[in-house]
Amino acid sequence: MRLQPTSAPRRAAVMTASGNAGILDVYDIACLAGGPDRMVDTALVALIQSGRVRIHRPGQLATVTLSRRHPVEAAVLDAVGPTGHRSVDTIRWRLATDDRLLDVARRLQREGLLGHAHRLVPHLSGGRSSPAPTGEGRRVLHRLEAQPPADDIAPDTDAMLVALCGADRLPDHEFHAAIFATTRTVTPFRRGSRSSNRIEAAAEAAEAASRTPNVIHGTFNEWVAPGGPTAPRNPSRRR
């Protein structure tokens, strides 16, 4: 079930710490509630449910169209890319320093809803920090959770539910698993990767190897034992 507004359609009007009336859209709310990763998750759900991104296979996403309704959606579509397939972890990694997401947090800080103290959020590298809500920011979130606003940017999707409560609250568990599945074939960066970024590629390979013992890497009969060096699968064979 999608979160429904409890009154006539409206956007989230809040009073900021500076005393100015502000308007929060679904991606502002996602940032306030869960930081940049929550924004990415919210945008992916909106893009998939509106037909602009498709699930190629569990955990692998591909673009259908580059139509966007918000800078955060534009950033996510750019991270998925016009060709190939991307995992959610890779998309989050690519957007870690994207100004289109960082600008949302900066504006919420100026409005007194996000502070400069940081919270630790789960991430591919083991954890990264994100500005935490101020007392006023927490009060705004409580009001929004009690009375969810209409979503003018991603109507008829579960985006507002994800923004406020997180992707784990999606009612369709198969849909959730199809997007956020983490099982994937390991391809180390030296033989090619889903990303041209060497740091990202190395992190992907290390993460997947740590999750799956004795994962075969590449196509040349090499294997990597957990915590051990790369060695020929058959030591008697010399190339």
Side-chain angles (χ1 to χ4, degrees), residues 2-47 49-50 67-79 88 91-123 125 127-170:
R2 297 184 178 118
L3 281 176
Q4 297 295 331
T6 55
S7 62
R10 69 195 186 287
R11 300 185 76 189
V14 301
M15 187 66 69
T16 66
S18 63
N20 298 318
I23 299 294
L24 300 184
D25 63 34
V26 65
Y27 298 114
D28 297 330
I29 293 169
C31 182
L32 185 60
D37 287 352
R38 182 74 65 85
M39 281 193 281
V40 172
D41 295 351
T42 300
L44 285 172
V45 168
L47 292 168
Q49 290 185 332
S50 62
S67 170
R68 68 281 310 275
R69 300 169 183 163
H70 190 279
V72 171
E73 293 182 355
V76 170
L77 286 168
D78 287 346
V88 173
I91 295 165
R92 289 173 176 171
W93 185 280
R94 286 173 169 262
L95 295 175
T97 59
D98 192 293
D99 278 333
R100 288 168 290 188
L101 274 69
L102 296 177
D103 283 345
V104 176
R106 292 169 184 142
R107 178 165 45 78
L108 293 176
Q109 285 178 321
R110 289 195 301 271
E111 293 176 353
L113 300 178
L114 282 180
H116 296 280
H118 279 222
R119 55 191 163 184
L120 190 66
V121 295
H123 191 248
S125 62
R128 66 170 175 170
S129 61
S130 168
T134 61
E136 180 58 29
R138 289 191 294 272
R139 286 188 286 274
V140 167
L141 282 173
H142 290 326
R143 292 198 296 269
L144 294 173
E145 290 166 358
Q147 193 175 30
D151 187 351
D152 296 338
I153 295 173
D156 302 317
T157 74
D158 288 312
M160 186 61 74
L161 172 64
V162 175
L164 280 168
C165 305
D168 288 344
R169 290 288 300 275
L170 283 167

Quiz prompt | salt_bridge(R38, D41) N-O dist < 4.0 Å | solution = no
Quiz prompt | From L114 atom CG to S130 atom OG, the distance as rounded to the nearest 0.5 Å | solution = 7.0 Å
Quiz prompt | Residues that R68 engages under side chain to side chain donor-acceptor pair (under 3.5 Å), provided they are two or more places apart | solution = none
Quiz item: With side chains defined as the heavy atoms from C-beta onward, is the minimum distance between V72 and T42 less than 4.5 Å?
Solution: no
Quiz item: How far apart are the closest heavy atoms of P71 and R100, and which atoms are they?
Solution: O-CD, 3.7 Å
Self-check item: CD1 on I91 to CG on D78, rounded to 0.5 Å
Solution: 11.5 Å
Quiz item: Minimum heavy-atom separation for P133 to L32, with atom names?
Solution: CG-O, 3.4 Å
Quiz item: Do V140 and L24 touch side chain to side chain, with heavy atoms closer than 4.5 Å?
Solution: yes
Quiz item: For the residue pair A43 and V76, what are the closest heavy atoms and their distance?
Solution: CB-CG2, 3.7 Å
Self-check item: Atom of L102, atom of A96 and distance for their closest heavy-atom approach
Solution: CD2-O, 4.1 Å
Quiz item: Would you say the side chain of R92 lies within less than 4.5 Å of the side chain of P36, judging by non-hydrogen atoms?
Solution: no
Practice problem: For A46 and A154, work out which heavy atoms get closest and say how close. | Solution: CB-CB, 3.6 Å
Exercise. Could you tell me whether D28 and R107 make a salt bridge, using a distance below 4.0 angstrom between a side-chain N and a carboxylate O?
Key: yes
Quiz item: If you round to the nearest 0.5 Å, how far is CG of D103 from CZ of R110?
Solution: 7.5 Å
Exercise. Please name all residues satisfying salt bridge (Lys or Arg N to Asp or Glu O under 4.0 Å) with R69, sequence neighbours left out, ordered by chain then number.
Key: none
Quiz item: Do L95 and M39 have side chains that get closer than 4.5 Å, going by heavy atoms?
Solution: no
Exercise. Using the side-chain contact (heavy atoms from CB on, under 4.5 Å) rule, take L164 and I29 through it: C-alpha gap first, then chi angles, then the decisive distance, then the call.
Key: CA-CA 7 Å; L164 280 168; I29 293 169; 3.5 Å; yes
Exercise. In plain terms, say whether D99 and R106 are close enough for a salt bridge, that is, a side-chain N and a carboxylate O under 4.0 Å apart.
Key: yes
Quiz item: What's the shortest heavy-atom distance between S67 and L47, and which atoms?
Solution: O-CD2, 4.5 Å
Quiz item: Any side-chain heavy atom of T157 sitting closer than 4.5 Å to one from V162?
Solution: no
Quiz item: Would E73 and I153 count as a side-chain contact (heavy atoms from CB on, under 4.5 Å) if you check the C-alpha gap in whole Å, the side-chain angles of each, and the deciding distance to 0.1 Å?
Solution: CA-CA 10 Å; E73 293 182 355; I153 295 173; 3.7 Å; yes
Exercise. Could you tell me whether the side chain of Q49 and the main chain of D158 form a donor-acceptor pair under 3.5 Å?
Key: yes
Self-check item: side chain to side chain donor-acceptor pair (under 3.5 Å) partners for R138, two or more places apart
Solution: none
